[in-house]
Amino acid sequence: MSMLTPPGMGGKYRITGDRYPRMRRPSGRRRLVFAAMGAVCALGLVGWGTLQLIDVFSGGDDDKTVRAARGTADCKRELGKDTAKGHDKGHDKTSRTAPKALPKPGEITVNVYNATPRTGLAKDTADELKKRGFKIGKVGNAPAAYDKKVKGPGILLGAPAATNGPFDVLGTQLAGARTKNDGRSGKDIDLILGSGFKDLTKKKDATKALAALSAPKPSSSTPAC
């Protein structure tokens with residue numbers, strides 16, 4: 001009986017010889033399973049951490065969506081309040097600004113001068129302007145300071161006061177005409193026809209342009225959203 005055999009035990013439980021039972025190491029398959037599980041957990045943690053960093057630096061799309069939705073809703077509520085107030089007062093937020101007072105064609109005296117070699121150009125132009133309601137003053141060749149020296153369609157020459165109104169009205173009759181002030185004190189305007197002149201603006205187009213100058217200009221105080 002061996003010294004390692006507990007008292008009262010024998011038979012198959014009896015330990016003899018100098019060999020002792022040893023614990024076997026876990027199988028290779030179990031080690032592979034544990035390693036795979038560990039790798040999956042590590043990848044999951046890395047992915048989760050990456051998403052958190054992206055969300056921190058981008059501010060979060062959900063938060064942007066919420067802010068945008070709130071901003072749109074707030075803007076709609078403000079517009080609704082403004083519209084309601086406008087109806088209560090008998091007007092809306094969009095109003096029209098009255099245009100500046102413009103003289104009528106019959107209140108403008110035009111001197112027509114020809115600065116080109118074309119014969120009869122000043123008379124023909126003056127006759128057409130007269131048909132359109134303008135008063136005609138002097139008609140003839142351009143002064144020496146402008147004769148053969150005007151490259152464009154023409155020049156509107158008048159006192160500084162002509163800038164506010166008369167130039168605008170006469171300018172609807174000749175597209176591309178330049179404006180220039182001199183030291184005169186009268187209200188008449190010189191129309192000096194240049195080498196680029198072909199014809200006056202078509203009457204229907206000039207009438208539309210003149211009506212646009214006289215139309216009220218829309219102005220709105222509605223806030224942008």
Side-chain angles (χ1 to χ4, degrees), residues 82-83 86-87 89-224:
D82 292 338
T83 303
H87 287 307
K89 295 179 181 179
H91 67 278
D92 57 17
K93 298 299 289 185
T94 300
S95 60
R96 291 184 176 273
T97 304
K100 62 182 180 180
L102 296 174
K104 296 180 180 180
E107 299 173 347
I108 302 175
T109 299
V110 184
N111 304 315
V112 184
Y113 296 112
N114 182 10
T116 75
R118 296 162 58 184
T119 304
L121 187 61
K123 183 179 183 304
D124 293 341
T125 303
D127 290 343
E128 181 60 29
L129 287 174
K130 186 176 181 180
K131 292 178 182 178
R132 300 184 184 188
F134 291 89
K135 287 184 177 182
I136 303 301
K138 298 177 182 180
V139 178
N141 293 326
Y146 295 97
D147 191 27
K148 312 295 189 304
K149 299 177 182 179
V150 180
K151 303 297 182 182
I155 295 177
L156 305 183
L157 183 63
T163 303
N164 297 320
F167 276 172
D168 296 326
V169 175
L170 184 57
T172 60
Q173 310 300 313
L174 180 58
R178 295 186 294 111
T179 60
K180 185 177 179 181
N181 299 123
D182 58 11
R184 75 181 68 187
S185 58
K187 296 182 180 180
D188 59 327
I189 299 176
D190 294 346
L191 171 56
I192 305 175
L193 304 176
S195 59
F197 177 83
K198 294 182 179 179
D199 202 352
L200 292 174
T201 304
K202 292 183 179 180
K203 186 175 181 179
K204 63 178 182 179
D205 295 333
T207 301
K208 290 181 180 179
L210 189 57
L213 287 177
S214 303
K217 302 297 186 293
S219 61
S220 176
S221 59
T222 303

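Just the heavy atoms: all of them, side chains too, but no hydrogens, waters or symmetry mates, feed the values below. Numbering of residues begins at 1 and proceeds along the displayed sequence.
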- Side-chain donor or acceptor of Ser195 paired with backbone N/O of Lys151 under 3.5 Å: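 Yes, the answer is positive, given that a donor and an acceptor are paired below the 3.5 Å cut-off.
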
- Is it true that a side-chain atom of Asp188 and a backbone atom of Thr109 form a donor plus acceptor pair closer than 3.5 Å?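 No.
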
Sub-4.5 Å side-chain heavy-atom contact between [X] and [Y]:
X      : Y      : value
Glu128 : Asp199 : no
Thr201 : Thr172 : no
Asp147 : Asn141 : no
Leu191 : Leu129 : yes
Tyr146 : Asp190 : no
Thr179 : Thr163 : no
Arg118 : Leu193 : no

When rounded to the nearest 0.5 angstrom, what is the spacing between [atom1] in [X] and [atom2] in [Y]?
X      : Y      : atom1 : atom2 : value
Leu157 : Asp182 : CG    : CG    : 4.0 Å
Phe167 : Arg178 : CZ    : CZ    : 11.5 Å
Lys104 : Lys135 : NZ    : NZ    : 12.5 Å

- Query: Is Lys148 atom NZ crowded by more than 12 heavy atoms from other residues, nucleotides or ligands, each under 6.0 Å away?
  - Reply: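 Above 12, so yes.
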
- Message: Just checking Arg184: does its CZ atom have more than 12 heavy atoms from other residues, nucleotides or ligands closer to it than 6.0 angstrom?
- Response: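 For Arg184, atom CZ is crowded (more than 12 foreign heavy atoms under 6.0 Å).
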
- What's the verdict on side-chain contact (heavy atoms from CB on, under 4.5 Å) for Arg132 and Leu200, showing C-alpha distance, side-chain angles and the deciding distance? CA-CA 11 Å; Arg132 300 184 184 188; Leu200 292 174; 4.1 Å; yes

- Task: Could you please spell out the steps behind the side-chain contact (heavy atoms from CB on, under 4.5 Å) verdict for Asn114 and Phe197?
- Result: CA-CA 10 Å; Asn114 182 10; Phe197 177 83; over 6 Å; no

- Step by step, work out the salt bridge (charged side-chain N to carboxylate O under 4.0 Å, His left out) result for Asp127 and Lys131. CA-CA 6 Å; Asp127 290 343; Lys131 292 178 182 178; over 6 Å; no

- Item | Least distance between heavy atoms, Val150 atom then Ala115 atom |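 Val150 and Ala115 have their closest heavy atoms at CG2-CB, 4.2 Å.
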
